[in-house]
Amino acid sequence: ADVARDMAGAIRDELLAARSAGREATLILPVGPVDQYPLLAEMINTARIDSRDVVPINMDEYLSDARAPVPREHPLSFTGFMARKFYDLLDPALAPRAENRVVPDPARPGDIARIIEERGGVDACFGGIGINGHIAFNEPPEPEEALSAEAFAGLSTRVLPLSRETRTINSVTVGGEISVVPRMAVTVGMRECLGARRLRLY
């Protein structure tokens, strides 16, 4: 609970700091951790923080085998989760506009870098650390793969297969049924995450 409250408060502080600097925040946000979002919605509503022009960028999204985003009704849809546990809890007069709620598009992964450039950069990238060390769905290379730290840091938004470790641990949220966990995802790249002015991992 303390971690969730700290994270919610840190996101709120980024909204306020950007406003003080004369702009609206651009943030990369995860689904995992998850408990911060209802708390953040309560903070925004209570303090009446106008977030209509804030641009939250979802870190990633699961894809079907056809490389299309899973439906919002899918139990693991990050887009659906953000709607239920954050956007829908906000006063509509304060919530980020629908067109500002960015999710990586597997058909247009380059859009993320373009949006970030147009916004003048990312104020902060928040995230969790996966069981195998991944940030967003940037899966670390397998032991037999030759990939330098510099090359890994330069990876941009893209579609990729998920490791068995990731799918296994993420199946916990659906009762351990790994067949429910998609095999593919689209993820914001390490380049975009590391390019943020601040990086906060929980």
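A 4.5 Å side-chain heavy-atom check between E61 and P182 finds every atom pair outside the cut-off. For the pair D105/V186, no side-chain contact is recorded, criterion being any heavy-atom separation below 4.5 Å from C-beta on. Two residues are said to be in side-chain contact when any heavy atoms from C-beta on lie closer than 4.5 Å; R183 and D65 meet this criterion. A 4.5 Å side-chain heavy-atom check between L15 and I44 finds at least one atom pair inside the cut-off. Contact annotation: the side chain of P30 approaches that of M59 to within less than 4.5 Å [non-hydrogen atoms, C-beta and beyond]. With contacts defined as side-chain heavy-atom distances shorter than 4.5 Å, the pair I129/H134 does not qualify. With contacts defined as side-chain heavy-atom distances shorter than 4.5 Å, the pair F126/M7 qualifies. Under the 4.5 Å side-chain criterion, counting only non-hydrogen atoms from C-beta, V180 is in contact with P75.
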Can you check side chain to side chain contact (heavy atoms under 4.5 Å, CB included) on V122 and E192, steps first, answer last? CA-CA 8 Å; V122 172; E192 289 82 14; over 6 Å; no

Audit row: L76, V181, side chain to side chain contact (heavy atoms under 4.5 Å, CB included) steps and yes/no: CA-CA 7 Å; L76 293 175; V181 183; 3.9 Å; yes

Tell me, with the steps shown, if T187 and E139 meet side chain to side chain contact (heavy atoms under 4.5 Å, CB included). CA-CA 10 Å; T187 187; E139 300 280 35; over 6 Å; no

Just do the side chain to side chain contact (heavy atoms under 4.5 Å, CB included) check on M82 and V31 with the steps written out, would you? CA-CA 8 Å; M82 289 294 285; V31 176; 3.8 Å; yes

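Side-chain atoms of S163 and T166 form a donor-acceptor pair, as typed in the model, at a separation below 3.5 Å.
Sorted by first and then second residue, the side chain to side chain donor-acceptor pair (under 3.5 Å) pairs involving residues 21-37 (not counting sequence neighbours) are R19-E24, R23-D123, T26-R119.
When the shell of 6.0 Å around CD of E117 is examined, it contains 12 or fewer heavy atoms from other residues, nucleotides or ligands. More than 12 heavy atoms of other residues, nucleotides or ligands shown are found within 6.0 angstrom of CZ on R198.
Across R52 and A93, no two heavy atoms sit closer than the pair CD-O, 3.4 Å. Considering all non-hydrogen atoms of both residues, V159 and P106 come closest at CG2-CB, 3.6 Å. S64 and V70 get closest at one heavy-atom pair: N-CG1, 4.0 Å. Nearest heavy-atom pair across M184 and P161 is SD-CA, 3.7 Å.
Comment: D6 engages R200 in a salt bridge, judged by a side-chain N to carboxylate O separation of less than 4.0 angstrom. Looking at D2 and R5, no side-chain N of the basic residue comes within less than 4.0 Å of a carboxylate O on the acidic one, giving no salt bridge.
Between the side chain of T46 and the backbone N or O of M43, no donor-acceptor pair lies under 3.5 Å. For E177 (side chain) and V174 (main-chain N/O), no donor-acceptor pair under 3.5 Å exists by modelled atom type. Without hydrogens or angle criteria, N132 side chain to E165 main chain gives no donor-acceptor distance under 3.5 Å. Formation of a donor-acceptor pair under 3.5 Å by the N45 side chain with backbone atoms of A41 is found in this model. Of the possible polar contacts, one joining the R158 side chain to the S156 backbone as a donor-acceptor pair under 3.5 Å is found. Put simply, the side chain of R191 never gets that close to the backbone of L155: no donor and acceptor are under 3.5 Å apart. A side-chain donor-acceptor contact under 3.5 Å links T168 to the backbone of R164. Distance alone, capped at 3.5 Å, places no donor-acceptor pair between the S77 side chain and the H74 backbone.
Cluster membership check: I178 does not share its hydrophobic cluster with I169, using side-chain heavy-atom separations under 4.5 Å among Ile, Leu, Val, Met, Phe, Trp and Tyr. Put simply, V34 and V103 are part of two different groups of oily side chains (I, L, V, M, F, W, Y) that touch within less than 4.5 Å, one to the next. Follow the hydrophobic side-chain contacts under 4.5 Å out from F81 and you never reach L39; the two are in separate clusters. L94 and L89 fall into different hydrophobic clusters, where Ile, Leu, Val, Met, Phe, Trp and Tyr residues are linked whenever their side-chain heavy atoms come under 4.5 Å apart, directly or through other members. At a threshold of 4.5 Å between side-chain heavy atoms, the hydrophobic network of Ile, Leu, Val, Met, Phe, Trp and Tyr places L90 and F78 in one connected group.
If you take CG on L27 and CZ on R197, they are separated by 10.0 Å, rounding to the nearest 0.5 Å. With rounding to the nearest 0.5 Å, the separation of CD1 in I135 from CG in D60 is 11.5 Å. The distance from atom CG of L160 to atom CZ of R67, rounded to the nearest 0.5 Å, is 9.0 Å. Atom-to-atom distance recorded for I115:CD1 and I57:CD1 is 6.0 Å, nearest 0.5 angstrom. For the atom pair SG (C125) and CG (L194), the distance works out to 8.0 Å, reported to the nearest 0.5 Å. To the nearest 0.5 Å, atom CG of residue L40 and atom CZ of residue F86 are 4.0 Å apart.
Between F137 and Y62, the ring centre distance stays below 6.0 Å.
The one candidate from V188, N58, L199 that meets the side chain to side chain contact (heavy atoms under 4.5 Å, CB included) condition with I28 is V188.
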